[in-house]
Amino acid sequence: MRFAVYGLGPIGALISKVAIARGYEPIAAIDIDPSKVGRDLGEVIGIGEKMGTQVSGDPRVLYEVKPDLVFHATGTWFHSIYRQLVHAIDSGADVVSTCETLSYPYYRYPELSNLLDEYAKTRGVTVLGTGINPGFLLDSLPAFMTTSMAILEEIVAVRSLDASKRRAPFQKKIGVNMDPGEYKQALASGKLTGHVGFAESVLLISRIAGLDVDRVEEGQEPIVADESISVNGVEVEKGKVIGVVGFGKGFVEDKEVIRIGMKAGIGFEDYEEIKLLGEPEITWRSTGTHGDLGTAAVIVNMAPRVLDHQPGLVTMADLVKAGYHIV
Ligand SMILES: NC(=O)c1ccc[n+]([C@@H]2O[C@H](COP(=O)([O-])OP(=O)(O)OC[C@H]3O[C@@H](n4cnc5c(N)ncnc54)[C@H](OP(=O)(O)O)[C@@H]3O)[C@@H](O)[C@H]2O)c1
């Protein structure tokens, strides 16, 4: 597979490394950061060898090299990456993107989703938004696990993670070391995002497990450090934001059938826990999944499936083919 990477922050760099290690060939790299443009991809992602592919600031490079697939990792909001996706589609490439709101785009962007779906179909390409979360841990994974339920009443999935092990942009978006009031304002104004994707995950579960959720709720708030701490070189002062806690809920006729939660903060325990209520009841717990490498892995692992899929804007619900389902 000949691929391009669009966005070379920590996640785009990791995706490139995982893809190159798989034997896929990088033929283009795009970023707007002037400190990266013009340099060799291998140097920018720090793999200690040149790849012979220079980072370009102009996405039209895609039209010249015509990759099979574009790995896209520049932003969270579908409306602000729409033009970037169109560049990739115009080059004839399939796309796998880390954009959180693209993981279930019909929730926040129904019109834009229909537009992109039509456009991708006319160009014969497939576009998928996914990642570790949203995309896998709190949606595809619990939904897939419902396959072994004879009667499914409720799905509860929780993720807790130590943000000291995550990349700097992640620590920034969850408000680490900010004044709690300032962080709440930054969340409300959209200046910082916290975690985006609770509603998307709930709706992915609903689609995969056939639950027909008719209402979604989501929310998040900062957690304040009750003492000064230092973990893995990250210091947080007492009274400042140490992390964030949030939830997503899905209802069918006012009955809560899906509840997901996430806690991310400096020094927090790493685990995922999934409880499936009904018959038979299941509780599954892990020791945690590294979110950055996990994201790169999900993105690269979905690439062959996207290449094989029929054209259009798809979600993990089109690709995860098992789960509880009433016809
Ligand atoms: N679904 C998931 O599970 C998941 C997991 C991890 C990350 N993500 C998302 O994936 C994205 C990438 O993460 P990250 O931490 O690597 O973010 P990041 O540090 O913001 O990196 C994004 C890179 O893309 C560049 N960029 C921004 N706009 C661009 C444009 N129009 N054209 C070309 N390049 C552009 C940025 O340049 P500048 O720095 O100059 O702006 C930066 O180099 C984020 O939106 C993140 O929220 C999703």
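Just follow the structure's listing: the first ligand is 1, and inside any ligand the first atom is 1. Computed from a prediction, not measured in an experiment: that's the story for all the values here.
- By the 4.0 Å N-to-carboxylate-O rule, R108 lies close enough to E200 to be salt-bridged with it.
- The heavy atom nearest to atom 41 (O) of ligand 1, considering only I32, D33, D292, is found in I32.
- In this structure, W284 is not a member of the same hydrophobic cluster as V158, with clusters built from ILVMFWY side-chain heavy atoms closer than 4.5 Å.
- Scanning the protein heavy atoms around atom 45 (O) of ligand 1, the nearest turns out to be G75 C, 3.0 Å.
- Between K36 and ligand 1, at least one pair of N/O atoms sits closer than 3.5 Å.
- The nearest heavy-atom contact from the protein to atom 13 (O) of ligand 1 is I11 CG1, 3.5 Å.
- K249 forms a cation-pi arrangement with F247, by the criterion of a distance under 6.0 Å to the ring centre and an angle within 45° of the ring axis.
- A salt bridge is absent between K184 and E182: the closest approach of a Lys/Arg side-chain nitrogen to an acidic carboxylate oxygen does not fall below 4.0 angstrom.
- Here the heavy atom of the protein found nearest to atom 23 (C) of ligand 1 is G9 N, 3.5 Å.
- When non-hydrogen atoms are compared, ligand 1 lies under 4.0 Å from neither the backbone nor the side chain of F170.
- Remark: atom 20 (O) of ligand 1 lies closer than 4.0 Å to no protein heavy atom.
- In this structure, atom 17 (O) of ligand 1 has its sub-4.0 angstrom surroundings free of protein heavy atoms.
- Residue P134 places a heavy atom less than 4.0 Å from ligand 1.
- For the pair K263 and E273, the salt-bridge criterion is not met [side-chain N within less than 4.0 Å of a carboxylate O].
- At the top of the distance list for atom 48 (C) of ligand 1, counting protein heavy atoms only, stands T98 O, 3.1 Å.
- Listed by number with element, the atoms of ligand 1 under 4.0 angstrom from any heavy atom of K173 are 47 (O).
- The shortest N/O to N/O separation between P10 and ligand 1 falls below 3.5 Å.
- A side-chain donor from one of D90 and Y119 sits under 3.5 Å from a side-chain acceptor of the other.
- Salt bridge absent: K238 and E227 never bring a charged side-chain N and a carboxylate O closer than 4.0 Å.
- Among T101, T76, V44, the residue whose heavy atom lies closest to atom 44 (C) of ligand 1 is T76.
- Stacking of R22 on the aromatic ring of Y24 is not recorded, the 6.0 Å distance cut-off and the 45° axial limit not both being met.
- Looking at atom 46 (C) of ligand 1, its nearest protein heavy atom turns out to be E100 OE2, 3.6 Å.
- Summary of contacts: the protein heavy atom closest to atom 36 (C) of ligand 1 is D31 OD1, 3.8 Å.
- Against a heavy-atom cut-off of under 4.0 Å, I132 is close to the following atoms of ligand 1: 2 (C), 3 (O).
- Donor-acceptor pairing under 3.5 Å is lacking for the side chains of T193 and H195.
- Residue Q84 places at least one N or O, backbone or side chain, under 3.5 Å from an N or O of ligand 1.
- Comment: K165 does not engage D292 in a salt bridge, judged by the lack of any side-chain N to carboxylate O separation of less than 4.0 angstrom.
- Nearest heavy-atom pair, I30 versus P59, reported as atom, atom and distance to 0.1 Å: CD1-CA, 3.9 Å.
- Scanning the protein for heavy atoms near atom 15 (O) of ligand 1, the closest one is R167 NE, 2.5 Å.
- Counting only N and O atoms by type, the side chains of T76 and E100 include a donor and acceptor under 3.5 Å apart.
- At a heavy-atom distance under 4.0 Å, no atom of V196 approaches ligand 1.
- Residue-ligand proximity, G131 to ligand 1, at heavy-atom distances under 4.0 Å covers atoms 1 (N), 2 (C), 3 (O).
- By the neighbour-count criterion of 12 heavy atoms within 6.0 Å, atom NZ of K275 is sparsely surrounded, having that number or fewer from other residues, nucleotides or ligands.
- In this structure, D33 pairs ionically with K36, as a charged nitrogen and a carboxylate oxygen lie closer than 4.0 Å.
- Using a 4.0 Å cutoff on heavy atoms, Y6 counts as a contact of ligand 1.
- Near G7, meaning under 4.0 Å from one of its heavy atoms, ligand 1 places the atoms 24 (O).
- Looking only at protein heavy atoms, the nearest one to atom 22 (C) of ligand 1 is A73 O, 3.6 Å.
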